[in-house]
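Here is the structure we will look at.
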Amino acid sequence: MKNIFLSFLLLLTPALCVAQEDASQVFDLIDLNYPGLEKVKDYYNQGESEQALASLLDYYRGRKGINHPDIDLNNITVSNKERKMADEALEHKFFVHNGYQPSFFYGDDIDWTYWPVEDNELRWQLHRTKWWQPMGKVYQVTQDETYAKEWAFQYLDWIKKNPLLKTSNAYEGEDVSAGIPADLQNVRFAWRPLEVSHRLQDQTIQFLLFKDSPSFTPEFLAQFLLNYYKHAEHILHNYSKSGNHLLFEAQRIIYAGAFFPEMKQAKTWRASGIDILNREIKTQVYPDGMQFELDPHYHLASINIFAKAIRVADANGFRAEFGQHYLSTVESMIEWVINCHFPDYTNPMFSDAKQDTKADMLNNYNEWLKIFPDNEALQYMASDRKEGKAPSHLSKAFLSSGFYVFRNGWGEEATQMVLKAGPPAFWHSQPDNGTFELYMNGRNFFPDSGSYVYAGNEEVNKQRAWFKQTRVHNTLTLNRENMTKCDSKNLLWDQPSQNVERLVYENPSYEGLTHRRSVFFVDQTFFVIVDEAMGDAQGDVAIHYNFCEGNFKFDPSHNIVMSGSSDRHDLVMQVFSPSQMQVKKEEGWVSYGYRQKTERDSYAFNVEKKSSDTVRYITVIYPITNNSKAPKLKAHFKTVAANEMAVQVKVGKKSYTLGYQFN
């Protein structure tokens with residue numbers, strides 16, 4: 001019987017995928033010599049399987065010494081959103097995704113294959129069953145058995161209707177529907193290792209929330225443990241190849257091994273996850289602390305993956321299995337966040353990033369502080385600047401990953417620019433090298449366009465493609481096409497004088513055209529950006545500027561864009577070029593969250609490149625508090641050569657000479 005069941009777990013035949021297994025098979029998976037299972041073992045050896053199961057449930061209900069870092073059963077609170085999720089779940093209206101509200105109805109007889117909008121995320125995240133945990137929290141607070149009974153029903157219904165059939169699909173990639181039979185297509189959604197790992201982790205909490213319920217019977221315990229074992233073994237034999245998916249899966253299988261140490265495979269699970277994280281933190285994190293997908297959202301997720309592994313290790317006494325390099329790397333990843341997030345605690349939305357809230361980030365900082373309590377900069381951020389110390393530096397370059405930060409302070413009214421110009425990345429990164437976000441006077445004036453959606457049918461992919469294109473980022477294009485190469489090289493990062501900070505990089509953006517961008521932060525007040533399009537390529541060269549939503553005024557006769565807010569925290573931007581330039585107002589959108597978008601002003605400053613001569617622009621961005629008193633701006637090139645450039649910029653009556661010279 002044991003061999004048959006293990007074959008079932010390893011997916012050697014779909015014929016064995018049935019709704020429920022023989023409950024006694026659970027004893028093939030458990031080490032009956034584990035301390036505390038003496039009664040269970042005695043009953044089992046006497047052939048009294050039902051009594052053994054009842055004793056096993058008694059053991060779990062009274063178990064001590066296994067600690068869960070993510071929940072405190074003595075201090076459970078339920079938010080309004082969680083209560084709504086739990087109550088709707090009783091009606092089979094499942095909260096699957098923030099971007100799809102109100103929640104869809106999945107039928108009185110639950111249809112786990114229902115796909116109301118062919119967005120892959122909607123189908124994948126259905127199988128993360130994220131409403132089950134709120135049901136458990138409501139049950140704990142109210143002791144209303146309705147929630148526990150319905151959860152147990154849905155749990156078994158999911159097992160019955162989502163069998164793990166054998167499939168040649170490796171569970172990765174974004175296009176999971178084309179030409180695949182419906183049953184195998186469902187396997188690819190329900191059993192993708194990322195979703196399996198999500199369920200694996202969440203079920204450790206659901207177990208704690210529901211195990212004392214009358215609906216959590218000994219028979220249900222057997223089905224729970226059999227299903228849980230199958231989940232962990234599926235991950236063990238089907239890890240994703242790389243990236244954040246692999247990190248999630250490894251961290252969550254550590255949870256499986258730590259939370260169910262009675263299982264025979266627990267040590268294998270835990271060791272496997274720890275080995276992967278110890279290895280991948282060296283592979284996936286650049287020396288400057290940035291995760292190699294170059295996406296702030298997935299960078300943050302990766303920190304939390306690595307940190308959660310440390311916290312479960314701390315809670316259960318095995319931190320020593322993570323080396324010092326692991327800990328110092330996590331701390332450097334946190335330092336990237338401290339430097340690159342804005343004074344209002346929001347993040348740059350480069351690539352597929354969404355915008356985090358201040359509340360979310362304060363929570364993150366406080367969780368990280370539990371691991372690194374002596375980090376004064378972390379204390380400063382976690383306390384909303386009330387404790388600890390701000391970093392001693394202001395501006396900072398992350399040279400290996402290609403992120404550059406200009407700032408004049410650490411307070412809420414600080415000016416801060418973050419620019420992205422790094423090496424090639426992966427699926428979540430976008431063709432946007434050179435793009436930047438600029439926070440001035442309490443407002444992010446140039447937020448990145450975001451991503452809006454991920455992948456799905458033709459219409460969903462079309463929506464994603466719009467937000468991904470190069471021209472909706474604050475950088476340079478040739479013929480409005482997407483960059484063909486993102487592999488920027490830093491040429492200069494320094495502070496040649498007290499009042500100027502400089503960045504110069506170049507990117508081989510198109511065949512025959514290199515984009516060199518120089519950024520000057522002057523008097524810790526305003527920015528001058530010089531763009532040079534160099535090479536033999538010809539066509540329409542444009543620099544694009546995409547503003548935040550709000551009231552902007554455009555003066556086409558002088559190439560000036562000026563914000564006009566009600567709180568007098570504004571800016572003026574003017575673009576200059578020695579070539580004949582045209583300006584086009586373009587379609588503009590910004591997406592701060594999944595399937596959320598807001599219209600905004602976007603402008604393209606175009607020059608027709610007709611030869612191998614370099615096309616050049618100067619952009620001046622200056623903060624103002626009164627539109628009627630905006631200073632007059634002037635700028636022109638003084639020197640241009642292959643390795644030398646100088647511009648003269650005049651703000652009001654004050655003149656600045658800015659440039660670079662390479663040997």
Side-chain angles (χ1 to χ4, degrees), residues 65-72 193-194 196-198 200-202 204-205 231-233 235-236 239-263 265-293 298-338 363-379 381-382 398 400-401:
I66 304 301
N67 301 305
H68 203 302
D70 299 340
I71 191 166
D72 178 2
L194 180 63
V196 177
S197 75
H198 195 105
L200 192 75
Q201 176 175 271
D202 284 2
T204 59
I205 295 179
H231 275 55
E233 285 294 290
I235 293 173
L236 188 69
Y239 280 119
S240 296
K241 293 178 182 178
S242 63
N244 68 82
H245 286 208
L246 177 59
L247 300 185
F248 275 118
E249 293 151 16
Q251 174 255 308
R252 289 161 175 172
I253 206 169
I254 294 171
Y255 268 54
F259 193 74
F260 288 107
E262 306 86 1
M263 288 190 170
Q265 281 287 84
K267 290 182 180 179
T268 299
W269 298 338
R270 195 176 94 181
S272 173
I274 291 172
D275 287 347
I276 289 171
L277 291 189
N278 275 326
R279 180 193 75 211
E280 288 298 309
I281 202 168
K282 297 176 182 177
T283 300
Q284 293 200 29
V285 182
Y286 280 104
D288 60 19
M290 180 59 175
Q291 200 259 356
F292 71 171
E293 292 178 273
Y298 287 98
H299 176 78
L300 188 63
S302 298
I303 294 174
N304 285 329
I305 290 167
F306 292 129
K308 283 171 77 73
I310 296 171
R311 291 204 60 215
V312 75
D314 285 347
N316 294 282
F318 56 92
R319 181 189 271 216
E321 295 180 34
F322 297 96
Q324 183 55 45
H325 176 269
Y326 183 98
L327 294 169
S328 60
T329 301
V330 175
E331 196 164 13
S332 72
M333 295 177 76
I334 293 170
E335 289 168 356
W336 186 96
V337 173
I338 291 172
N363 181 66
N364 282 322
Y365 285 128
N366 278 284
E367 288 297 311
W368 302 336
L369 191 59
K370 295 174 183 177
I371 303 172
F372 304 106
D374 297 326
N375 187 310
E376 291 186 319
L378 190 48
Q379 294 170 12
M381 300 306 295
F398 294 86
S400 52
S401 61

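Position 1 is the first residue of the sequence; numbering continues from there.
- With hydrogens and angles left out, the side-chain atoms of Asn244 and Ser302 include no donor and acceptor closer than 3.5 Å.
- Ring to ring, His68 and Tyr255 are close: their centroids are under 6.0 angstrom apart.
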- Item | Working for side-chain contact (heavy atoms from CB on, under 4.5 Å), residues Met381 and Val337 | CA-CA 10 Å; Met381 300 306 295; Val337 173; over 6 Å; no
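- Rounding to the nearest 0.5 Å places CG of Leu369 at 5.0 Å from CG of Leu378.
- Side chain of Gln284 to backbone of Gly243: a donor-acceptor contact under 3.5 angstrom is found.
- Side-chain contact check for Trp368 and Asn304: at least one donor-acceptor pair (N or O, by modelled atom type) lies under 3.5 Å.
- Here Phe306 and Tyr326 bring their ring centres to under 6.0 angstrom of each other.
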- Could you give me the CA-CA distance, side-chain angles and deciding distance for Lys370 and Asp314, then say whether salt bridge (charged side-chain N to carboxylate O under 4.0 Å, His left out) is met? CA-CA 10 Å; Lys370 295 174 183 177; Asp314 285 347; over 6 Å; no
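- Here the CG atom belonging to Leu277 is positioned 12.0 Å from the OG1 atom belonging to Thr329, to the nearest 0.5 angstrom.
- With rounding to the nearest 0.5 Å, the separation of CG in Leu236 from OG1 in Thr268 is 7.0 Å.
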- Could you please spell out the steps behind the side chain to side chain donor-acceptor pair (under 3.5 Å) verdict for Trp269 and Glu233? CA-CA 8 Å; Trp269 298 338; Glu233 285 294 290; 2.8 Å; yes
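- At least one side-chain heavy atom of Val312 sits under 4.5 Å from a side-chain heavy atom of Ile254.
- In this structure, the side chain of Asn316 does not engage the main chain of Ala258 through any donor-acceptor pair within 3.5 Å.
- We find the CD-CE distance between Glu335 and Met290 to be 14.5 Å, quoted to the nearest 0.5 Å.
- Here the closest heavy-atom approach between residue Ala266 and residue Pro261 is recorded as CB-CA, 3.7 Å.
- A donor-acceptor contact under 3.5 angstrom links the side chains of Ser240 and Glu249, judged on distance only.
- At a cut-off of 3.5 Å, with distance as the only test, a side-chain donor of Gln201 or Gln251 sits close to an acceptor on the other residue.
- Salt-bridge annotation for Arg311 and Glu367: present, with a side-chain N of the basic residue lying under 4.0 Å from a carboxylate O of the acidic one.
- Side-chain N or O atoms of His299 include one that pairs as donor or acceptor with a backbone N or O of Gln291 at under 3.5 Å.
- Note: Ile371 CD1 to Ile310 CD1 = 4.5 Å, rounded to the nearest 0.5 Å.
- Under a 3.5 Å cut-off, the side chain of Asn278 and the backbone N or O of Glu321 do form a donor-acceptor pair.
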